[in-house]
Structures are given as structure tokens and as C-alpha cells.
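I'd like to ask you about the structure that follows.
Values below: every heavy atom of this structure, side chains too, minus hydrogens, waters and symmetry copies.
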Amino acid sequence: MNRSNDEFEASLTLLPGALKPRADLLRHYALTRSGCAGCAPAHEAVWLAFDAAYLGDKEAAERMIARAETAANGGGHEPFCTVTRVPGLGTAALVKNGGQVPGFDGDGPLFAAADAAWKSGHGGLGFVASDGRWRFQSWGGGDLGRADPSGPARVLILELRAAFMAIRTLSEDASRSTLLLDSQGAVSYLRAWQSGNVRRMPDGYSLRVRNSGAPPTLVRLAEAVAELPGLKIHHVKGHVGHPLNEAADSLAKLGMRKPPDAKSRAEGLVKAFLGSWQAEHLAQPAKYL
């Protein structure tokens with residue numbers, strides 16, 4: 001039986017805070033029954049997690065989400081399956097343009113940077129984490145037909161979308177991360193939402209339910225951040241050589257321009273910037289904060 005996005009959103013509210021972003025990354029599996037032998041167990045496990053949460057069994061809900069993640073990232077996917085799985089994340093990250101550069105994961109503090117770019121009706125989002133995870137996304141152009149109405153604060157909203165992309169990709173690790181942004185406005189909204197003021201929204205931002213049936217992106221972001229008291233949100237100056245900020249900025253611009261070799265270029269620049277970050281941060285931990 002196919003499930004609707006409305007059912008998914010309603011069920012998502014039943015989960016404990018730490019499980020919501022993990023389940024949200026599994027949305028594709030929960031809403032799609034493609035006949036793929038690898039995707040089917042993920043689909044079933046997500047809805048079993050919702051059933052367990054409805055009955056108040058949080059431990060069973062967490063087991064089912066973990067089972068869904070394992071199925072999504074594991075083998076058994078059919079040749080026709082188009083879902084992109086990212087090895088090493090430990091969660092089912094549905095990432096078209098993203099991945100993880102090896103050699104940077106560790107047990108220390110986790111830092112992440114998010115940024116956005118906008119020019120002539122085309123935008124891009126970028127995210128990079130100190131453990132090697134990265135992602136970029138295009139926004140605008142042909143996407144504007146399905147984009148939610150942003151109002152006059154389009155650049156600010158793109159910055160917030162980039163933060164949301166970072167939080168979703170970090171999944172359960174977001175609660176132990178430091179998120180770095182070069183937009184004071186975005187930092188202000190994120191901190192307000194984290195303190196519980198989830199009704200605050202940029203001027204002109206439409207709160208109508210989207211054509212997909214999903215709540216507005218910033219509403220979902222506000223609710224997610226409100227349940228992440230451990231997430232640290234810091235402002236950093238842009239274009240001053242901060243390795244993580246520069247990497248996120250470069251990824252956002254790749255998303256905006258969409259060159260044919262964007263993914264291979266992204267992997268190279270992420271590796272270079274993370275090498276600089278690792279060397280400089282280990283030598284002077286407080287330099288960029």
C-alpha cells in the first residue's frame with residue numbers, strides 16, 4: 001500500500017526528537033514502493049518505527065529506524081534502483097550530489113559549515129563537515145516552479161535552506177555539532193528557533209502547505225532546530241580564508257553553476273579545504289571561532 005506525504009509528516013511527529021531527522025532522511029523509502037528488494041525492507045521498517053512510536057515504545061522505534069538505515073545503505077538493491085547511497089555515513093542519506101571524503105572522520109568535535117549562492121535567478125546550497133561529509137544542491141532556474149514562495153528575503157532563505165541541508169545530512173550527529181554560517185540573519189533565526197520561537201519567519205515567507213503536501217521547509221527547519229539544544233550555532237566572517245566556510249561557499253557555487261564535472265570538482269576541493277582545516281584547527285583550535 002502506498003503512503004502519502006501527509007501520513008509521513010503526521011507520523012514523524014510521533015518520534016522522539018533525535019529520531020526525526022534520521023526518519024526524514026528515509027522519506028523516499030517510506031513513500032516509494034519501487035519493487036526493489038533492497039528498498040522494500042527500508043520501507044516496511046520506517047512504518048514499523050512509526051507504529052512503535054505510536055504505542056510509546058521508543059526503543060523499538062529506534063531499532064526499526066536503524067534497521068531501515070541498514071537496509072537502505074546495504075546490498076540487495078535491484079539494477080533498476082536509482083537511489084544513491086552514501087557509504088560510511090551510518091544513515092540513509094539520499095544524496096544526489098554529495099558524499100564523504102575518507103580520512104577525516106574521528107572522535108573529536110564535529111564542525112560543519114553551510115552556505116548559499118545566488119545570481120541571475122539561479123542559486124546553490126553547499127555543506128561540508130569536518131569528518132569529510134559534503135553536499136551541494138542547485139536551486140532556482142527550472143526548480144523555481146516547485147519552490148515555495150520565499151518573498152523578498154530569498155538570499156536569507158537560501159542560507160537557511162543550506163543550514164537545513166547540513167542538519168539533515170548530519171542526522172543524529174547534529175546534536176553534537178558546531179554549525180558555522182557567514183549569514184548573521186540566518187544565525188539569528190536559527191538561534192530564535194532553537195530557543196523555542198518557532199513562529200518567527202522571514203518577512204513575506206509563505207506558510208501555506210506546499211503542492212507536495214509537505215509543510216514549508218523553514219517550518220520543518222524551525223521544528224528540527226528547536227529539538228537540537230546541543231547544536232552550537234556560530235557566525236564566521238565570509239571570504240576571509242576560513243577553510244570550512246570557503247569549502248561550503250565553493251560547493252554552493254558549484255550547485256549554482258552546475259558544470260558537467262561538478263561532483264569530481266567538489267570532491268577535490270573538499271579534500272583540499274579539509275586538509276587546511278585539519279592542520280590549522282589542530283594547531284589553533286580557537287582561531288576560527
Side-chain angles (χ1 to χ4, degrees), residues 21 24-25 27-28 84 86 89 93-101 111-130 132-151 153-171 173-174 177 179-187 189-190 193 201-202 205 210 212 214 216-222 224-225 231 233-236 238-239 242-259 262-263 265-267 269-270 273-274:
D24 199 17
L25 286 173
R27 183 185 297 262
H28 172 89
T84 299
V86 181
L89 293 190
L94 308 180
V95 180
K96 180 180 179 182
N97 292 311
Q100 184 170 23
V101 175
F111 292 86
D115 204 0
W118 178 260
K119 184 177 181 180
S120 302
H122 294 268
L125 315 177
F127 150 78
V128 66
S130 57
R133 279 178 275 186
W134 61 273
R135 184 177 176 184
F136 67 85
Q137 178 181 328
S138 299
W139 194 261
D143 291 333
L144 285 176
R146 63 176 177 80
D148 57 5
S150 297
R154 181 176 298 281
V155 175
L156 168 61
I157 289 170
L158 282 177
E159 296 280 357
L160 290 167
R161 287 183 180 279
F164 193 30
M165 182 173 69
I167 289 170
R168 290 185 64 185
T169 307
L170 289 169
S171 188
D173 290 328
S177 300
L179 181 60
L180 309 173
L181 304 168
D182 63 12
S183 168
Q184 288 277 23
V187 169
Y189 276 98
L190 290 169
W193 295 335
M201 290 287 156
Y205 184 73
R210 305 317 187 212
S212 66
T217 298
L218 297 196
V219 172
R220 294 164 57 202
L221 172 59
V225 174
L231 174 68
I233 303 162
H234 282 280
H235 174 260
V236 294
H239 310 295
H242 187 300
L244 295 185
N245 175 257
E246 294 291 344
D249 175 70
S250 297
L251 289 170
K253 289 175 179 174
L254 279 177
M256 180 178 66
R257 295 194 303 266
K258 297 183 286 188
K263 190 163 186 178
R265 289 171 62 179
E267 291 172 341
L269 71 87
V270 167
F273 280 122
L274 285 181

Nearest heavy-atom neighbours spanning Leu160 and Leu221: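 Closest approach of Leu160 to Leu221, heavy atoms only: O-CD2, 3.4 Å.
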Mind checking whether Leu125 and Leu251 have side chains closer than 4.5 Å, heavy atoms only?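 Leu125 vs Leu251: side chains apart.
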Between Asp115 and Lys253, does a salt bridge (Lys or Arg N to Asp or Glu O under 4.0 Å) hold up when you go through it step by step? CA-CA 9 Å; Asp115 204 0; Lys253 289 175 179 174; over 6 Å; no
Could you check whether any side-chain heavy atom of Trp134 comes within less than 4.5 Å of a side-chain heavy atom of Glu267, counting everything from C-beta outward?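 Yes, close enough: below the 4.5 Å cut-off.
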Given the rule in the side chain to side chain contact (heavy atoms under 4.5 Å, CB included) test, do Leu244 and Leu274 qualify, once you have shown the distances and angles that lead to the verdict? CA-CA 7 Å; Leu244 295 185; Leu274 285 181; 3.5 Å; yes
Go through it in stages, so that I can follow the logic: the residues are Ser250 and Phe273, the test is side chain to side chain contact (heavy atoms under 4.5 Å, CB included), and I'd like the CA-CA distance, side-chain angles, deciding distance and then a yes or no. CA-CA 10 Å; Ser250 297; Phe273 280 122; 3.8 Å; yes
Any side-chain heavy-atom pair of Arg133 and Val128 under 4.5 Å: no
Should Thr217 and Tyr205 count as side-chain neighbours, where that means a heavy-atom distance under 4.5 Å?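 Yes, their side chains come closer than 4.5 Å.
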If we only count heavy atoms from C-beta on, is the Arg168 to Leu25 side-chain gap below 4.5 Å?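 They are in contact (side-chain heavy atoms under 4.5 Å apart), so the answer is yes.
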Please check this pair: side chain of Ser138 against backbone of Gly255, looking for a donor-acceptor N/O pair closer than 3.5 Å. yes
Any Asp182 side-chain heavy atom under 4.5 Å of Glu159 side chain: yes
Between Tyr189 and Trp193, how do the two ring planes meet: parallel, tilted or perpendicular, split at 30° and 60°? tilted
Any side-chain heavy atom of Leu181 within less than 4.5 Å of one from Asn245? no
Should Met201 and Val219 count as side-chain neighbours, where that means a heavy-atom distance under 4.5 Å? yes
